[in-house]
Protein chains: 2
Amino acid sequence: MPFQKDIYKSAFSVDNIIFGFDGDELKVLLIKRSQDPYGGQWALPGDIVSPDEDLDAAAERVLKQLTGLQNVYLEQVYTFGKVDRHPRGRVITIAYYSLINIAKVKIRAASFAEEVSWKAVSSISTLAFDHLDIMETCRTRLRQELKLRPVGFELLPEKFTLTELQRLYEVILEQDLDKRNFRKKILGMSILNSLNEYQKGVSHRPAMLYSFDPEKYRVATEQGVIFEI
Amino acid sequence: MPFQKDIYKSAFSVDNIIFGFDGDELKVLLIKRSQDPYGGQWALPGDIVSPDEDLDAAAERVLKQLTGLQNVYLEQVYTFGKVDRHPRGRVITIAYYSLINIAKVKIRAASFAEEVSWKAVSSISTLAFDHLDIMETCRTRLRQELKLRPVGFELLPEKFTLTELQRLYEVILEQDLDKRNFRKKILGMSILNSLNEYQKGVSHRPAMLYSFDPEKYRVATEQGVIFEI
DNA sequence: GCAAAAGTGTTTTCATTACACCCATGT
DNA sequence: ACATGGGTGTAATGAAAACACTTTTGC
């Protein structure tokens with residue numbers, strides 16, 4: 001089967017770091033590899049890019065296969081291409097990261113995995129291949145983006161409280177934020193809709209729910225408002 | 001020759017956007033292609049990555065072949081992988097950009113080029129393949145980096161005046177900066193050495209020469225100084 | 001002495017930080 | 001009634017912006 005051999009002479013794959021937020025921790029979706037190399041170890045979901053497939057399309061496909069989700073936040077981050085990074089041949093990989101609302105995912109075990117699971121980023125210390133490296137690079141990128149663009153909302157349900165939003169920032173940036181200053185800053189940008197609707201069933205004063213409004217964000221940006229946390 | 005065909009079934013290249021600054025304009029080093037596809041057109045220097053070569057090494061090789069330079073600022077930016085981006089087959093390309101002191105370059109015409117030349121970024125309106133796209137992406141990245149990291153010095157001679165440095169920022173960021181505020185900010189970071197040496201042969205008051213001190217930068221960073229222009 | 005760029009501080013303005021108490025709900 | 005997180009404003013601080021004149025050199 002020369003095809004297999006040729007592919008491995010010079011193949012490229014995509015790997016997708018899928019971030020989710022459960023209200024408490026930043027998580028990534030990992031698969032347990034069912035085959036060698038690295039059989040039985042946790043790895044990032046990914047696949048070989050087929051010859052007639054765009055890179056972005058391949059990343060979308062991997063995401064869809066695993067989560068059923070489409071049209072979610074997905075960005076290319078970096079390409080990893082060390083000669084020896086794959087034990088079976090020369091495979092470079094283009095890393096993407098996506099941000100999803102964790103509640104929307106019904107995990108589907110993919111054919112290439114025994115098991116699929118959300119793991120807290122902070123709890124991961126080894127991964128197959130150079131995937132730990134890849135994850136760290138994507139995590140750094142996420143932090144940068146979070147400060148400069150309104151991407152945090154991608155990790156939340158459509159309706160959220162300001163405290164949930166703040167907690168998300170605190171967890172990802174690994175720093176505490178002042179409640180009043182945070183609210184002042186976010187609300188001052190005029191990019192949220194106040195829904196005049198409240199949390200239910202909580203054993204404390206229920207919080208107002210908000211949603212992110214992309215159109216308001218566009219208008220604000222045009223008027224010179226700079227998103228920055 | 002099956003090898004050629006296999007390569008093109010799934011090959012990867014690097015392209016290198018080499019930035020230089022002549023005191024007045026931001027330039028990039030382009031080659032005129034001697035062969036089809038796009039024979040006769042200007043393009044970014046690049047090459048196929050060989051199977052036993054790291055991506056970074058390939059980018060360094062391209063840079064060295066063309067300029068003779070090694071150990072200069074070189075960073076991966078983005079990978080371009082549309083199915084149809086190369087008319088001869090599937091070739092994805094990993095884009096790098098480098099920052100060099102333009103005065104140090106003795107251009108060597110490479111075998112794959114008729115002609116090699118510095119072109120002002122602002123004057124370029126078409127390039128072979130998707131290279132215009134690649135150039136714009138790298139230019140955006142350069143702007144981002146310039147604001148947050150001390151990379152501008154890579155584009156200047158070792159000894160430079162503050163006005164030269166300011167002009168570099170103004171040209172790349174496309175905005176005017178206030179002279180006094182700029183000096184205050186840069187000097188306040190304590191990352192430059194004042195050389196107690198002056199410009200010569202200028203028909204005006206000669207300016208003090210400075211050099212960037214990476215060690216001072218490291219110390220300043222440790223003490224919490226944030227580089228930002 | 002004139003043209004050309006170098007060099008230099010202060011005031012104003014605006015954004016960021018620090019900070020503490022009352023409110024609404026469930027148990 | 002108490003525990004829990006929700007919600008709110010002001011003063012102090014520090015950083016960024018605006019701004020104009022004197023100095024040194026070559027010609």
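Only heavy atoms go into these numbers, but all of them, side chains included; no hydrogens, no water, no symmetry mates. These numbers come from a predicted model, not from an experiment.
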Rounded distance in Å - [atom1] ([X]) to [atom2] ([N]):
| X | N | atom1 | atom2 | answer |
| --- | --- | --- | --- | --- |
| Met189(A) | dT16(C) | CE | P | 9 Å |
| Gln166(B) | dT8(C) | CD | P | 14 Å |
| Lys179(B) | dT23(D) | NZ | C1' | 11 Å |
| Phe160(B) | dA5(C) | CZ | P | 20 Å |
| Met208(A) | dT25(C) | CE | C1' | 16 Å |
| His204(A) | dA1(D) | NE2 | P | 22 Å |
| Glu197(B) | dT25(D) | CD | P | 15 Å |
| Glu164(B) | dG7(C) | CD | C1' | 15 Å |

Got a donor-acceptor pair under 3.5 Å from the side chain of [X] to the base of [N]?
| X | N | value |
| --- | --- | --- |
| Lys184(B) | dT8(C) | no |
| Asp178(B) | dA16(D) | no |
| Lys200(B) | dT25(D) | no |
| Arg180(B) | dA20(D) | yes |

### Message
If I take atom CD1 from residue Ile191(B) and atom CZ from residue Phe227(B), how far apart are they, to the nearest 0.5 angstrom?
### Response
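These two atoms lie 5.0 Å from each other.
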### Query
In terms of the nearest nucleotide of DNA chain C, which residue is placed more toward the 5' end: Asn181(A) or Ser203(A)?
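Mapping each residue to its closest nucleotide by heavy atoms, the 5'-most match is Asn181(A).
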#### Entry: Residue whose nearest DNA chain C nucleotide is more 5′ - Glu228(A) or Gln199(B)
Gln199(B)
### Query
Looking at dT25(C), dA17(D), dT25(D), which one has an atom nearest to any side-chain atom of Pro206(B)?
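The answer is dT25(D).
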### Task
Keeping the roles fixed (side chain from Asp22(B), backbone from Glu25(B)), state whether a donor-acceptor pair exists under 3.5 Å.
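Pair found, side chain donor or acceptor close to backbone of Glu25(B).
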### Within the 6.0 Å centroid threshold, strictly below: Phe19(B) and Phe21(B)
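Distance test on ring centres: not under 6.0 Å, no.
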### Query
Which atoms form the tightest heavy-atom contact between Phe129(B) and Arg85(B), and what is the distance?
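Here Phe129(B) and Arg85(B) meet closest at CD2-O, 3.7 Å.
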### Message
Using a 4.0 Å heavy-atom cut-off, does Thr163(B) contact any base of the nucleic acid, only the sugar-phosphate backbone, or nothing at all?
### Response
sugar-phosphate
### Task
Salt-bridge test for Asp56(B) and Lys82(A): reply yes if a basic N is under 4.0 Å from a carboxylate O, no otherwise.
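A salt bridge is absent here (no side-chain N lies under 4.0 Å from a carboxylate O).
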